[in-house]
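As structure tokens, the structure follows; a few thoughts come after it.
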Amino acid sequence: MKLASALTGLFASRGGGGTAAARLRQPATPAAELDMVLIWAALALLLFGLVMVYSSSIAMAEGSRFTGHQSTYFLVRHSIFLGIGMVAGTLAFQVPMRSWQEAAPWLFIVGVVLLVVVLIPHLGREVNGARRWLPLGIINLQPSELMKLFAALYAADYTVRKLPYMSSFKRGFLPMAAVIIGVGFLLIKEPDFGAFVVITAIAFGILFLGGINVRLFVMLAVVAAVGFVLLITFSEYRRQRILGFMDPWQDAFGKGYQLSHALIAFGRGEWFGVGLGASVEKLFYLPEAHTDFLLAVIAEELGFVGVVTVVVLFALLVQRAFAIGRQAISLERFYSGLVAQGLGLWMGVQSFINMGVNMGLLPTKGLTLPLMSFGGSGIVANCIALAILLRIDWENRQIMRGGRT
Amino acid sequence: MKRARGVTFNHNPLLDKGLPVWRPRFVLLALLGCSIALVGRAAYLQGVNDDFLQAKGASRYARVIDVPATRGRIMDRNGDVLAVSTPVKSVWAIPEDARLQPAQARRLAELLDLDVRELNRKLASEKEFTYLKRQLPPELAERVAALKLPGIHLQQEYRRYYPGGEVTAHVLGFTGVDDHGQEGIELAFDGELVGKPGSRRVIKDRRGHIVEDVESIRLPQEGGDVTLSIDSKIQYLAYSALRDVVKKYKAQAASAVVLDARTGEVLALVNNPVFNPNNRERLTGAQLRNRALTDTYEPGSTMKPFTAAMGLEKGKYRFNTVIDTSAGRMTIGNATISDSHKHGMLTVAEVIQKSSNIGVAKIALSFPPEEMWSFFDKLGFGAPLGLGFPGEAGGRLRPAKTWRPIEQATMSYGHGLSVTVMQMAHAYLAFARDGELIPVSLTKQSGTPVAGRRVFSAQTAREIRAMLEMVVQPGGTAPAAQISGYRVGGKTGTAQKLDGGRYTRRYVASFVGLAPMSDPRLVIAVMVDEPSGKEYYGGQVAGPVFGQIASGALRALGVAPDAPLVPLQVAQQEAPREHM
């Protein structure tokens, strides 16, 4: 715990200490308007992601009739998504946190409706056996990506509203659990197991941060664990993925195919990589190289150095999100604080699971690397999340200067 | 919630109760712990376990491929290229991967000159590998590659090209699609010509394209060149002369061999019918046969000089010894042999000049069969010459103890035994070389002359040569073999062909001769199989072919004329060819 406080304290110090008293003691130097560490880390991830999406997709795009043999097919689309994400983020930044909080339940309901719509035949588009996309003219919307954002906004609102009941199972815990089970049901129908895990982590993470009874939480964790085990036991598809993860070399050309190629990519990369663009695994061996297994291509082309860069950038991002959240809470802006930490949890959990899957630490599931992997809805949702983080930080600074939001 | 919003400097009890400070720190620490775990795992995978993983990767996409070696060239004695390997590509497919659109299949079939249905049938097969088309020219292969079709691949190969085409077809033979010799020199010298393919380690993408050249394991060893004894100019002379004679007499086939009398090298070896080695579709066995080496025939009267030589060598006869052939017939046992004309009293020289069967039969019968067999055997009859050429025949010379007198008599003038054209030319080397016989060679000889083997004395050889020269002079059987500027000599043969043990009215016309007579440089043997029409005598059919080849070859070799350049009848006829 000392280490944690030391780490967070290191980064938080520039924000102006934690308490109102500390803030009063500080000289009135003009504070930066925005958290530059967060911005640089996020921009670095976005641009690094763009380069690697291009590198990992170039051969596949060129060799596929589906893309019309255009090598820049994914590069162009990813760039457009980044542009849309930037615009969406700029717009989102204009929205005060008060408005986000007021809209949160409604956004959550919109998200649930979209999750229902995507399951309706003819409306939802099915790719590789998963019905996850809503065709909206030229682009496809992936509701589960938006749902991650809405879940963070809603869970924070819920927690703040229920703060007095945090020790109560019936009034504090049960309603949220019911909602998440409902959403989880819809996600598993798609199926989108990865999104289910992330949304569950966000919702219960925020509940935990909001002070829910620890014993309750441990109980919840046990129930969740049992639930996962049951899900895995009774689903052949997921069990196969689990088996592939335990020992990819046992059935390296069947269940363990994808993971074994990801691991080979890591091995080939060694410390400094085979060089940007020189990956062999991306040449049709590694499926989903530009989405779920982008890190494997980074590992092969840029080596351990590239992987550590990504891990460190995400760690910085998460640390800043928690620092901003702590700042907001110290300013008694509990909703903003929980949203910031919930978004940090989202980035942290999803990036960890994705990277863990790439390295064979976790079972394979369809989760992209936030901010980096190819995928329109994901990138736009990530950009909006970053904009909200920056908005919270900006509001914090306004208050610290004596302003009001 | 409203009570929680805004700034307050009062202590809010909810802060302690509802949002404990340790929880975000705990969560953040847990997430940072995960990051450290990721870094640790990455370090393990990329720094510790990397060899294992790379080996696994290599087993999936590292391949060892052959680097084909170029087959050696075949050249004539002057260094002109007769056979050379040119790069081509073969198109092959992995049927399972080759899922083509109908339009793609049509385009591919068009480029490969295949029927679309045939192509689709090949691509529908269960095999893992199938050739679609072998040995495509490079520019066509480029266009196939440009289609970028899945499952369709190209393979570097070499195709043999023979600049001489038909002219050298039988000597060279050809190679199969696997670039190994199947006939002729290509087969006989396959060991020298074929290179050792090298190998390289490469990385292939999942579609089979080479994306990275890792290392060379073994460099290809290029095949060695073979220099033949053939002289392209003389080869062409012989080729065109045979083509013309076959056409003129509507003959079944013909062969000719030109030897360099000083070295035993084969300067020309041709047959007709012939084939185009560069396009071997619709090939018949008759076209393929290198008759001069693989087919035997009854040589007929071209054997007579050997019988005469035996008589002279053993001292029983001399150049001018008179033999009575006046009866025109001769009965031996219950068989009768005869001459075509009644010649009366003939000297040995005249027996050869006029080709009297009875004359040589009498010489032969004055020797025991063993002695005659031994004499023929020393001349190389009855066994292959050992040129190393595939399918080389040895002819037939039965053991002496089975000979009946009639057989000994007929063998003296070339019936009852069989030879190849090459054997005949080889045996005549003994006359050209003053009684010494050397082996013939299809490859160019360098430096030290081959050691010869004496068959008879120089005196005998000189006397026979004089007789051979008489053959082409007035009163001989082949005045048409004469040429302008050089003294020539030879012996005609007109042998009836055997069919089912009976002689038919079909003939083998032949002529074996030397030139120039003052110092023989060339031995030329010509055989024309079944000339049809009124003219079928060796002197009429094969003699002029000899003259035509000899005349051109002597000039091509720059041999000094040893006779006045008088416009002979034959020379006039052949005048337009002389500049060749």
Side-chain angles (χ1 to χ4, degrees), chain A residues 1 3-5 7-8 20 59 63 69 98 101 160-161 163-164 166 205 208-211 249 252 260 263-264 266-271 280-281 283-285 299 303-304 307-308 311-312 314-315 318-319 322 325-326 329 331-335 337 341 345 348-349 352 355-356 359 361 399 404, chain B residues 1 3-12 14-32 34-62 101 148 150 203-207 209 211-212:
Chain A
M1 213 37 68
L3 177 65
S5 60
L7 274 171
T8 51
H69 300 292
R98 189 176 42 218
Q101 188 178 3
V160 169
R161 276 189 283 115
L163 270 184
M166 278 295 116
F208 175 75
L209 294 169
W249 306 113
S260 62
L263 294 179
I264 289 168
F266 274 83
R268 279 178 54 80
E270 297 183 344
W271 297 110
V280 171
E281 280 297 337
L283 302 175
F284 317 106
Y285 287 108
F304 179 73
V307 175
V308 168
V311 173
V312 166
F314 272 110
V318 171
Q319 192 278 330
F322 273 79
R326 208 171 72 121
I329 288 166
L331 296 172
E332 297 181 5
R333 299 169 65 246
F334 298 130
Y335 177 69
Q341 289 173 347
L345 199 57
V349 167
F352 168 70
M355 293 192 274
M359 295 185 203
L361 282 177
I399 291 165
R404 285 205 153 265
Chain B
M1 181 56 211
R3 63 184 178 270
R5 183 176 296 141
V7 178
T8 171
F9 292 97
N10 296 333
H11 185 73
N12 190 331
L14 280 175
L15 190 64
D16 288 338
K17 190 167 175 268
L19 295 180
V21 179
W22 68 270
R23 292 200 185 190
R25 286 183 179 171
F26 171 76
V27 172
L28 185 60
L29 189 71
L31 287 173
L32 291 178
C34 290
S35 297
I36 291 165
L38 290 175
V39 170
R41 174 72 172 167
Y44 168 73
L45 291 175
Q46 307 194 265
V48 179
N49 205 25
D50 54 335
D51 288 341
F52 166 78
L53 293 171
Q54 283 171 22
K56 285 283 183 187
S59 74
R60 297 197 187 180
Y61 38 69
Q101 304 292 310
K148 287 193 172 175
I203 285 180
K204 288 189 170 184
D205 73 13
R206 203 158 79 91
R207 299 184 175 184
H209 301 117
V211 292
E212 196 184 322

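Letters A, B, ... mirror the listed sequences (proteins, then strands); counts begin at 1. Predicted, not measured: the structure shown is a model, and the values here were computed from it.
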Is the closest side-chain heavy-atom distance between A:M355 and B:R41 below 4.5 Å? no
Measure A:V312 against the heavy atoms of chain B and call it side chain, backbone, both or neither at under 4.5 Å. neither
So which residue, B:G47, B:C34, B:S35, ends up with the most heavy-atom pairs under 4.5 Å with chain A? B:C34
Is the side chain of B:Q46 donor-acceptor paired with the backbone N or O of A:F266 at a distance under 3.5 Å, no angle test? yes
For B:L53 and A:L263, the nearest pair of non-hydrogen atoms, with its separation, is CD1-O, 3.2 Å
So, for A:Q341 and B:P24, which heavy atoms are closest and what is the spacing to 0.1 Å? NE2-CB, 3.4 Å
Nearest 0.5 Å, please: how far is CZ in A:F304 from CG in B:D50? 12.0 Å
Nearest 0.5 Å, what's the CG-CD distance between B:D51 and A:E270? 7.0 Å
Given that the side chain runs from C-beta out, which part of B:Y44 has a heavy atom under 4.5 Å from chain A: side chain, backbone, both or neither? neither
Name the option with the most non-hydrogen atom pairs under 4.5 Å to chain A; the candidates are B:L45, B:N49, B:V48, B:L38. B:L38
Indicate yes or no: at least one non-hydrogen side-chain atom of A:V318 is less than 4.5 angstrom from one of B:L32. no
For chain B, find which of A:G303, A:G325, A:G337, A:G356 contributes the most heavy-atom pairs closer than 4.5 angstrom. A:G303
Quick check on B:L31 against chain A: is it the side chain, the backbone, both or neither that has a heavy atom closer than 4.5 Å? side chain
